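Heads up: the structure comes next, in structure tokens.
Along the sequence shown, residues are numbered consecutively beginning with 1. These figures come from a predicted structure and were not determined experimentally.
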Amino acid sequence: MSLAEVKRALNAGKKHAERNEWPEAVKELLIAWDAFPEDLNILTVLAHALTQLGVREHAIYVLERALQHHKPTPDVCSVIQQLALEMGFNEIAEKLGHQLIAMEPSVAKHYINVMTALNRQDKYTEAIDIAQQVLPMFPDSSDLWNVLASSVRFRDGNAASVVFYEEALRLDPDNYKALSNLSAALQGSDRAVELTTHALKLQPENPELHINMALELFRRGKLLEGWHHYAYRLDSRRAQSQNLTYTHKIPEWDGSPLKGKTLLVAAEQGVGDEVMFGNYLPFLYDEAEKLYIGVDPRLVSLFQRRFPDAMVMPYMDRMKEGYRYRIFLELEREMEAGNLEIDYAIPIGSASRFAWKNTEDVLPHPDGFLQPDPERLAEFGERLAHLKDKPIVGLAWRTGMSGGARKHFCATVEDLAPLKAIKDKVHFVNLMYSDVTEDLKQIKDQHGIEITHLDGVNLKADIEANIAIMAHCDVVLSACSAPGMFALSSGRPTVLFTEGSAWWCFGTKDSIPFAANAEVENGYEQSTFLELVERATARVQKKLGL
């Protein structure tokens, strides 16, 4: 290959990279790298392009090659920092960022990446402090305004962040990150759809934008359109904690009839999501010749009880080079040995996509879903017997989210004040996952509300206990968290609340179509948690006839 051809490939690769055309960029850059394997410029651009394609292990190899022959220059450190951010090594990214700032104090990108790393560690005030110091240096940096807006959003709430996102877009109307973030801050609004549509035109393969669009379409009951976008949620280009690759090698189900066919439904996302989407499993169980279900180990006994003729197995995850691989070991060994053939597989979040095409299609199964273990039911019946003189209300007021962002997605002790209206008419039972000893004390001191806590029960590890306790509750009142999903999936009268707009209402205002006896109080970003708890308490009163 002539020098002119190599230069042409390098220039073409750089142009494709500037336009975010990563497959084309890698194709050209590999040609240039083959001719000049030690060229630092080629190595760094190629590593960045490989990272954007989601093949991080190859990017790491390229960077290792660069570091064997070159000192850690700002270019190399910058690409390594980007990899660290994408693989979730936020402390490393923060430290690298400070080193880069020391080497190149006049480069805005270094401050932006440090702020991003700080945000991911819930250090929002530190990130805001950096922005305040450097904005006079880079007042026209759209990306700097965008990351500042995200810091403000998670520290102070969606409404407070909008003005900063708007400034980012004033400076660069095509900043797809700002478009996506402002859309998330305005979720449920027509503007959110407009912003995401614009961003997708700029970044048609960006998985986060597709997911944003999916949730907006689901909120509007446009399920048929939404499922296409929702398929991007497991994309390998997503962050380490979000991407997922199955190792089973079974063809994905295309919605064809399941009569006489076998189907693996594979777990994804969090345990609350598994249970929520699991409400469609009874329909598949009725239809398929044989159902195989891979779930969180904590759910195996519950799912096996509900689906006795299915094969229910736990998964195990392995992390490699920033990717998460999900393995159903028992099943895959049987397949490798030639003892088992499965026609199709589907992630559990997509299991209903071929049946749920609009709001009217989303229905609860007549036989329900989760059922308590009889022995555990009796055990907790005895432990709660002293509360049977009044209705029992199971209570979970926040999610397992940690850090500064939690206050914008969960109720606080102060927000539970409206429960005083029914405290003498009901008994409250704690359904929280985490240690809430201090919360329980504050709730009693501030509101005079006694919440029964069952000692010796690990509600996070023992989901069978969750279901058995809830079976004795007349109503469950919960934030939109795993306990709330357990309650509605076990058929308990359930009232949920969220400051936003629950996309899994699938086009309804406050009902949950796949759960017969559940409803949700949506805030649509216009209500405080205090107001939400007050309205949710009124719903509980109505359900109990108080």
Side-chain angles (χ1 to χ4, degrees), residues 1-67 69-70 72-87 93 96-97 100 103-104 107-113 116 138 141-144 146-147 168 171-180 198-210 232 235-239 243 321-323:
M1 180 175 291
S2 68
L3 181 60
E5 289 174 315
V6 173
K7 287 183 177 179
R8 183 211 61 78
L10 177 58
N11 290 332
K14 287 181 177 179
K15 288 181 180 178
H16 284 304
E18 290 171 0
R19 294 194 292 265
N20 297 322
E21 297 168 352
W22 303 115
E24 295 83 358
V26 168
K27 181 179 177 181
E28 299 291 350
L29 291 167
L30 284 173
I31 295 172
W33 187 35
D34 186 56
F36 295 99
E38 314 308 336
D39 186 285
L40 181 61
N41 186 25
I42 297 173
L43 286 168
T44 52
V45 177
L46 176 58
H48 181 65
L50 289 167
T51 300
Q52 298 305 309
L53 271 180
V55 284
R56 297 185 185 100
E57 69 273 26
H58 297 298
I60 291 170
Y61 169 74
V62 170
L63 288 171
E64 288 174 344
R65 183 74 174 268
L67 290 172
H69 299 278
H70 302 278
T73 66
D75 283 343
V76 174
C77 288
S78 182
V79 177
I80 294 173
Q81 182 197 43
Q82 188 63 39
L83 268 176
L85 285 171
E86 293 180 6
M87 296 173 68
L96 277 170
L100 283 164
M103 288 189 280
E104 297 182 322
V107 176
K109 180 179 69 173
H110 301 333
Y111 299 94
I112 291 166
N113 286 341
T116 299
F138 313 106
S141 172
S142 176
D143 286 335
L144 183 57
N146 173 60
V147 74
L171 293 166
D172 180 4
D174 291 338
N175 184 331
Y176 75 91
K177 293 180 181 178
L179 289 165
S180 176
H198 183 181
L200 275 170
K201 289 179 181 177
L202 301 168
Q203 291 270 314
E205 292 302 315
N206 185 299
E208 305 307 324
L209 297 177
H210 281 281
Y232 282 79
D235 195 292
S236 63
R237 290 168 292 186
R238 301 192 73 199
N243 72 68
E321 309 290 4
Y323 299 98

(request) Check Pro204 against His210 and note the closest heavy-atom contact, atom names and distance. (result) O-NE2, 2.7 Å

(message) Taking Tyr176's backbone N and O only, do any of them form a donor-acceptor pair with Ser180's side chain (distance below 3.5 Å, no angle check)?
(response) no

(request) Could you tell me whether a side-chain N or O of His110 sits under 3.5 Å from a main-chain N or O of Leu96, the two making a donor and an acceptor? (result) no

(request) Could you please spell out the steps behind the side-chain contact (heavy atoms from CB on, under 4.5 Å) verdict for Asp143 and Tyr111? (result) CA-CA 10 Å; Asp143 286 335; Tyr111 299 94; over 6 Å; no

(request) Apply the test side-chain contact (heavy atoms from CB on, under 4.5 Å) to residues Arg8 and Glu28: give CA-CA distance (whole Å), side-chain angles for both, the deciding distance (0.1 Å), then the verdict. (result) CA-CA 9 Å; Arg8 183 211 61 78; Glu28 299 291 350; 3.1 Å; yes

(message) Please find the pair of heavy atoms, one from Val6 and one from Ala32, that lie closest to each other, and give the distance.
(response) CG1-CA, 4.1 Å

(message) Test of understanding: with side chain to side chain donor-acceptor pair (under 3.5 Å), list the residues that count as partners of Glu205, not counting sequence neighbours.
(response) Tyr232

(request) State which residues pass side chain to side chain donor-acceptor pair (under 3.5 Å) with Lys109; sequence neighbours excluded, sorted by chain then number. (result) Ser78

(message) Please give me the minimum heavy-atom distance between Pro74 and Met103, naming the atom from each residue.
(response) CG-SD, 4.1 Å

(request) Of all the heavy-atom pairs spanning Ser142 and Asn175, show the shortest one and how long it is. (result) OG-ND2, 2.8 Å

(request) Mind listing the closest non-hydrogen atom pair of Phe138 and Val107 along with its distance? (result) CZ-C, 4.1 Å

(message) Please check this pair: side chain of Asn11 against backbone of Lys7, looking for a donor-acceptor N/O pair closer than 3.5 Å.
(response) yes

(message) Just verifying a value: how many Å separate Leu10 CG and Ile31 CD1, rounded to the nearest 0.5 Å?
(response) 11.0 Å

(request) Looking only at non-hydrogen atoms, find the nearest pair between Ser141 and Ile112 and report the distance. (result) OG-CD1, 3.8 Å

(message) Between Leu202 and Leu179, does the side-chain contact (heavy atoms from CB on, under 4.5 Å) criterion hold? Intermediate values first, please.
(response) CA-CA 10 Å; Leu202 301 168; Leu179 289 165; 3.8 Å; yes

